[in-house]
**Student:** 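So that we are looking at the same thing, I have put the structure below in structure tokens.
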Amino acid sequence: MTATAAGTADHAARTVYVVDDDPAMRHSLVWLIGALGVPVLPFASGEEFLRAVGTGRPGCLVTDVRMPGMSGLELQDTLARADSPLAVVVVTGHGDVPMAARSFRAGAVDFIEKPFNDQMLLDRVHEALEKSAALWRDRARKAELHALLARLTARERQVAELVVAGKPNKVIAAEINLSLKTVEVHRHNAMEKLEVASITDLTRLLMESR
């Protein structure tokens, strides 16, 4: 990942999206959350948010529950179905136990009823940003590992897996019906393409990719 791409990804992972149909509440939340020193983008509805942002970006979503059109819980369900990296904090003046349970099942960081303590909300938003950033980094790392593994031929991948399984070159050669020299070449090429210098590093990379 280039420095520019990394900076863009970090900025996205620290963005907070506020979805509330009440203009006064949107303004209040933007002002309050802005105290964290992060970008805060307001939206009047779930539909508007999805059109502008989509489901693939990281960050924190702070959403009301009861809104015209798509409700906050329906928006959360949409994000969950899309396996979105966004972490969600629900803030509502019309909450009940079934709503809270549904929200938590969909992965909400918290379900906060109005009126709320400002510091508690800021703490939950910070927690959500950290959660989303960690998930985003993990996904980026997995994508990087899969890109490395895609460099290997089928034979190189097979040899690498057998090496990690603890099998010596001679055993691998007999098992897959190749000469010892060919196995050694595949092993060398696999480690070079995967940019690892030891069997320990190779093992760690293949385990991490899983």
Side-chain angles (χ1 to χ4, degrees), residues 1-17 38-39 41 49-61 75-89 104-109 125-210:
M1 184 180 292
T2 66
T4 300
T8 300
D10 181 66
H11 183 274
R14 289 180 55 77
T15 300
V16 178
Y17 305 95
V38 298
L41 302 179
F49 167 80
L50 290 173
R51 285 194 299 270
V53 179
T55 61
R57 298 186 193 179
C60 169
L61 170 67
L75 172 58
Q76 192 183 2
D77 288 342
T78 298
L79 295 172
R81 285 194 299 271
D83 194 24
S84 171
L86 277 165
V88 180
V89 176
F104 282 121
R105 282 197 302 271
V109 171
V125 169
H126 178 74
E127 180 184 342
L129 288 171
E130 292 297 313
K131 176 182 177 180
S132 179
L135 177 60
W136 189 248
R137 287 192 298 269
D138 182 63
R139 291 187 180 186
R141 174 59 178 162
K142 287 239 175 14
E144 181 183 353
L145 292 175
H146 286 300
L148 281 173
L149 289 169
R151 299 177 182 179
L152 304 184
T153 65
R155 276 298 195 194
E156 289 166 352
R157 177 66 181 265
Q158 183 182 28
V159 168
E161 294 284 0
L162 292 171
V163 168
V164 166
K167 297 184 179 183
N169 289 351
K170 288 183 179 179
V171 173
I172 295 173
E175 188 171 312
I176 60 178
N177 197 28
L178 292 176
S179 70
L180 177 60
K181 180 64 176 176
T182 300
V183 169
E184 290 172 345
V185 169
H186 284 323
R187 176 171 170 166
H188 170 79
N189 289 345
M191 295 185 67
E192 188 173 69
K193 289 179 180 180
L194 295 176
E195 302 173 9
V196 295
S198 67
I199 301 303
T200 299
D201 290 340
L202 176 63
T203 301
R204 184 182 299 112
L205 187 151
L206 289 181
M207 293 299 292
E208 194 178 350
S209 72
R210 294 166 187 162

**Student:** Any salt bridge (charged side-chain N to carboxylate O under 4.0 Å, His left out) involving residues 184-195? Give me the pairs, sequence neighbours left out, ordered by first then second residue.
**Tutor:**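 Output for this query lists Arg151-Glu195, Glu156-Lys193.
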
**Student:** One pair to check against side-chain contact (heavy atoms from CB on, under 4.5 Å): Thr15 and Val53. What are the steps and the verdict?
**Tutor:** CA-CA 11 Å; Thr15 300; Val53 179; over 6 Å; no

**Student:** Using the rule given for salt bridge (Lys or Arg N to Asp or Glu O under 4.0 Å), can you reason through Arg204 versus Asp201, listing the C-alpha separation, both sets of side-chain angles and the distance that settles it, and then say yes or no?
**Tutor:** CA-CA 5 Å; Arg204 184 182 299 112; Asp201 290 340; 2.9 Å; yes

**Student:** Please report the C-alpha distance between Leu178 and Ile172 in whole Å, then the side-chain angles of each, then the deciding distance to 0.1 Å, and finally whether the side-chain contact (heavy atoms from CB on, under 4.5 Å) criterion is met.
**Tutor:** CA-CA 8 Å; Leu178 292 176; Ile172 295 173; over 6 Å; no

**Student:** Looking at Asn189, Thr182, Val183, which hits side-chain contact (heavy atoms from CB on, under 4.5 Å) with Val185?
**Tutor:**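 Option passing the side-chain contact (heavy atoms from CB on, under 4.5 Å) with Val185: Asn189.
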
**Student:** Would you say the side-chain atoms of Ser132 pair up with the backbone N or O of Ala128, donor to acceptor, closer than 3.5 Å?
**Tutor:**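 Here the side-chain-to-backbone pair does not exist.
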
**Student:** So which heavy atom on Ile199 is nearest to which on Val163, and how close?
**Tutor:**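 Scanning both residues completely, I find the closest heavy atoms to be CD1-CG1, 3.5 Å.
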
**Student:** Are Val16 and Val89 close enough, and set up right, to give a side-chain contact (heavy atoms from CB on, under 4.5 Å), and what steps lead you there?
**Tutor:** CA-CA 10 Å; Val16 178; Val89 176; over 6 Å; no

**Student:** Between Leu149 and Leu152, is there a side-chain heavy-atom distance shorter than 4.5 Å?
**Tutor:**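 Leu152 vs Leu149: side chains touch.
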
**Student:** Less than 4.0 angstrom from a charged side-chain N to a carboxylate O is my criterion; do Glu127 and Lys131 meet it?
**Tutor:**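 Not counted as a salt bridge, because no side-chain N and carboxylate O are separated by less than 4.0 Å.
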
**Student:** Looking at Ser209 and His146, would you say the former's side chain and the latter's main chain have a donor-acceptor pair under 3.5 Å?
**Tutor:**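 Pair absent, no side-chain N/O of Ser209 close to backbone of His146.
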
**Student:** Checking side-chain contact (heavy atoms from CB on, under 4.5 Å) for the pair Arg139/Asp83: CA distance, chi angles, key distance, verdict?
**Tutor:** CA-CA 11 Å; Arg139 291 187 180 186; Asp83 194 24; 3.0 Å; yes

